[in-house]
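Residue numbers start at 1 and run along the sequence shown.
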Amino acid sequence: MILSSGDLAPIGAQAAAGEDVIQDALVAIRNHLGMEVAYFSEFHAGRTIFRRVDAPGLEHLIKVGDSHSLDDVYCNHILAGRLPELIPDTSQVRLAREMPITAAVPIGSHISIPIRLLDGTPFGMFCCLSPRAIPSLNERDLATMRVFAGLATKQVNTGLQQRQKAQRTYDRIAAVIAAQDYDIVFQPIFDLRSSTVTSCEALCRFKATPYRSPDKWFQDALDADLGLELEVAVLRTTLATLPELPALISLSINASPELVISGRLADLIPVEHAERIILEITEHAAVSNYTALHAQLRPLKRLGVRVAVDDAGAGYSGLQHIVQLGPDIIKMDMSLTRAVDTDPARRALASAMVFYAREMGSCIVAEGIETASELSALRLLGADRGQGYLLGKPGSMAALQAAVIAV
């Protein structure tokens with residue numbers, strides 16, 4: 001059986017680097033053997049396709065993407081043992097001499113090593129040829145050829161493993177999206193002065209086992225080029241819960257800058273509930289274009305959507321990002337709130353952030369509050385709102401409704 005990788009997803013940047021190794025190997029072996037043409041081919045749908053070529057001055061005869069039927073070339077005969085891997089003079093080998101391609105190219109000498117997958121399945125060929133017979137080609141040259149072909153074989157197998165892994169990731173994420181195989185939970189956010197619930201943050205929890213944290217799922221989705229699709233699916237499910245949300249409670253949703261800039265978020269926002277939506281801008285990567293980001297945020301803000309910066313102080317949302325975004329709400333990361341009661345450095349930074357927010361007319365939400373002493377310290381510093389396990393863990397909509405009633 002001859003296998004092709006043609007139907008698999010692209011390997012990506014690492015594969016491109018690998019293919020350069022193959023190209024370098026072709027150049028080196030062609031020069032070493034003194035032959036005119038070297039190529040690396042892949043078998044696909046009964047044809048051999050040239051994936052890499054080194055043939056200076058003969059580009060009009062052979063180039064990347066050209067192909068031949070496997071019935072017309074040496075490949076199958078070499079695989080079956082009917083032709084040797086080393087042919088110094090094709091006129092001395094009857095089968096080679098009688099094949100039409102020998103005269104058509106022409107091929108005077110030929111040396112070729114099969115490229116095989118880890119299970120032994122033929123993948124393609126690593127080959128050099130010359131229109132001239134080269135009687136001096138010998139077993140030592142064949143051994144050298146095998147060394148360079150081994151480099152190509154390693155790259156092929158590594159690349160295919162990467163493709164197969166990427167395909168499995170893609171299929172897994174696509175299945176999660178199709179089945180909506182996740183739950184949305186809600187964590188209450190409290191006004192630290194009145195101790196009442198003012199809003200909640202919607203968080204995604206994936207059902208698949210073994211358990212993996214949401215950040216790993218979203219990173220896999222990004223790697224599989226399904227990042228926006230997964231975000232859209234989760235947000236669509238989340239926003240459908242708005243009618244169940246207790247009156248006067250706002251819903252905080254997470255969206256990447258890429259999703260906002262794409263313009264797809266606007267289609268998800270229900271206009272009748274826009275004033276109850278807080279949009280937390282997460283940072284999987286630095287914002288590439290603030291002008292484009294603001295262009296998409298402006299119509300949402302006109303509808304009443306408020307904008308929050310997530311993870312402020314964690315290194316993800318730096319001061320420049322906060323200044324550029326001009327958020328209504330700044331969510332102080334738990335790396336600052338944790339031990340804020342005992343750590344002078346954290347307390348100084350938290351205090352500066354509270355002062356900045358007050359000057360800019362923004363609201364501070366302290367995340368990750370876990371102890372009563374942290375809560376007291378944050379109240380003294382002037383933080384407006386708080387979120388964390390001490391105040392309320394993420395739970396179902398019913399649990400959120402109960403928490404609102406309880407306070």
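Under 3.5 Å, the side chains of Glu231 and Asn254 contain no donor-acceptor pair of N or O atoms. For the residue pair Ser112 / Tyr74, no side-chain donor-acceptor distance below 3.5 Å is found, with atom types taken as modelled. For Ser250 and Arg306, the side-chain atoms include at least one donor-acceptor pair closer than 3.5 Å. Side-chain atoms of Gln219 and Asp215 form no donor-acceptor pair, as typed in the model, at a separation below 3.5 Å.
When atom types are taken as modelled, the side chain of Ser351 and the backbone of Arg347 share no donor-acceptor pair closer than 3.5 angstrom. Distance alone, capped at 3.5 Å, is enough to place a donor-acceptor pair between the Thr144 side chain and the Arg140 backbone. Formation of a donor-acceptor pair under 3.5 Å by the Gln401 side chain with backbone atoms of Glu244 is found in this model. Within the 3.5 Å criterion, the main-chain N or O of Ala377 finds no donor-acceptor partner in the side chain of Asp341. Checking side-chain atoms of Ser362 against main-chain N and O of Pro327 turns up a donor-acceptor pair under 3.5 Å. Of the possible donor and acceptor atoms, none in the side chain of Thr48 sits under 3.5 Å from a partner among the backbone N and O of His68. Listed for the Arg52 side chain is no donor-acceptor partner under 3.5 Å among the backbone atoms of Ser41. In this structure a side-chain-to-backbone donor-acceptor pair under 3.5 Å is missing from Ser252 to Cys200. Between the side chain of Thr102 and the backbone N or O of Ile107 there is no donor-acceptor pair closer than 3.5 Å. Judged by distance alone, with hydrogens and angles left aside, the side-chain atoms of Arg346 form no donor-acceptor pair with the main-chain N or O of Val340 at under 3.5 Å.
Ion pairing of Asp66 with Lys63 is present here, as a side-chain N (NZ or NE/NH1/NH2) and a carboxylate O approach within less than 4.0 Å. Ion pair Arg264/Glu229 flagged as a salt bridge, since at least one NZ, NE, NH1 or NH2 atom sits closer than 4.0 Å to an Asp/Glu carboxylate oxygen. Checked for salt-bridge contact, Glu36 and Arg132 meet the test: a charged N lies under 4.0 Å from a carboxylate O. Contact check on Lys207 versus Asp183 returns a salt bridge, with a Lys/Arg side-chain nitrogen under 4.0 Å from an Asp/Glu carboxylate oxygen. Remark: Asp343 does not engage Arg338 in a salt bridge, criterion side-chain N to carboxylate O under 4.0 Å.
Shortest non-hydrogen contact noted between Val185 and Pro394 is CG2-CB, 3.8 Å. In terms of heavy atoms, Gly34 sits closest to Ile134 at O-CD1, 4.1 Å. Minimum heavy-atom separation, Leu192 to Leu378: CD1-CB, 4.5 Å. In plain terms, the two heavy atoms of Val73 and His77 that are nearest each other are O-CD2, 3.6 Å.
Leu300 has its side chain within reach of Ile269: a pair of non-hydrogen atoms, C-beta onward, lies under 4.5 Å apart. A 4.5 Å side-chain heavy-atom check between Leu297 and Leu279 finds at least one atom pair inside the cut-off. Between Phe43 and Pro122, the closest side-chain pair of non-hydrogen atoms falls below 4.5 Å. Residues Glu42 and Phe50 are not in side-chain contact: their nearest non-hydrogen atoms beyond the backbone lie 4.5 Å or more apart. Put simply, the side chain of Leu203 does not reach to within 4.5 Å of the side chain of Ile184, judged on heavy atoms. Inter-residue side-chain proximity for Ile277 and Leu303 is flagged as unmet; no heavy-atom pair is nearer than 4.5 Å. With contacts defined as side-chain heavy-atom distances shorter than 4.5 Å, the pair Glu85/Arg146 qualifies. Between Pro88 and Ser109, every side-chain heavy-atom pair lies at or beyond the 4.5 Å cut-off.
Within a 6.0 Å sphere centred on OH of Tyr170, heavy atoms belonging to other residues, nucleotides or ligands number 12 at most. Atom CG of Leu248 has 12 or fewer neighbouring heavy atoms from other residues, nucleotides or ligands inside a 6.0 Å radius. For Lys301, the NZ atom sits in a packed shell: over 12 heavy atoms of surrounding residues, nucleotides or ligands are nearer than 6.0 Å.
Between the CD atom in Glu374 and the CG atom in Leu336 there is a gap of 11.5 Å [rounded to 0.5 Å].
Remark: of the listed residues Ile115, Leu160, Val21, Asp20, Val21 is the sole one forming a side chain to side chain contact (heavy atoms under 4.5 Å, CB included) with Gln155.
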CA sep, side-chain torsions, deciding dist, call: Asp171, Gln167, side-chain hydrogen bond (donor to acceptor under 3.5 Å, both in side chains): CA-CA 6 Å; Asp171 292 343; Gln167 189 65 53; 3.2 Å; yes
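Classified by interplanar angle (parallel below 30°, tilted 30° to 60°, perpendicular above 60°), the ring pair Phe206/Trp217 is parallel.
Aromatic ring centres of Phe40 and Phe148: separated by at least 6.0 Å.
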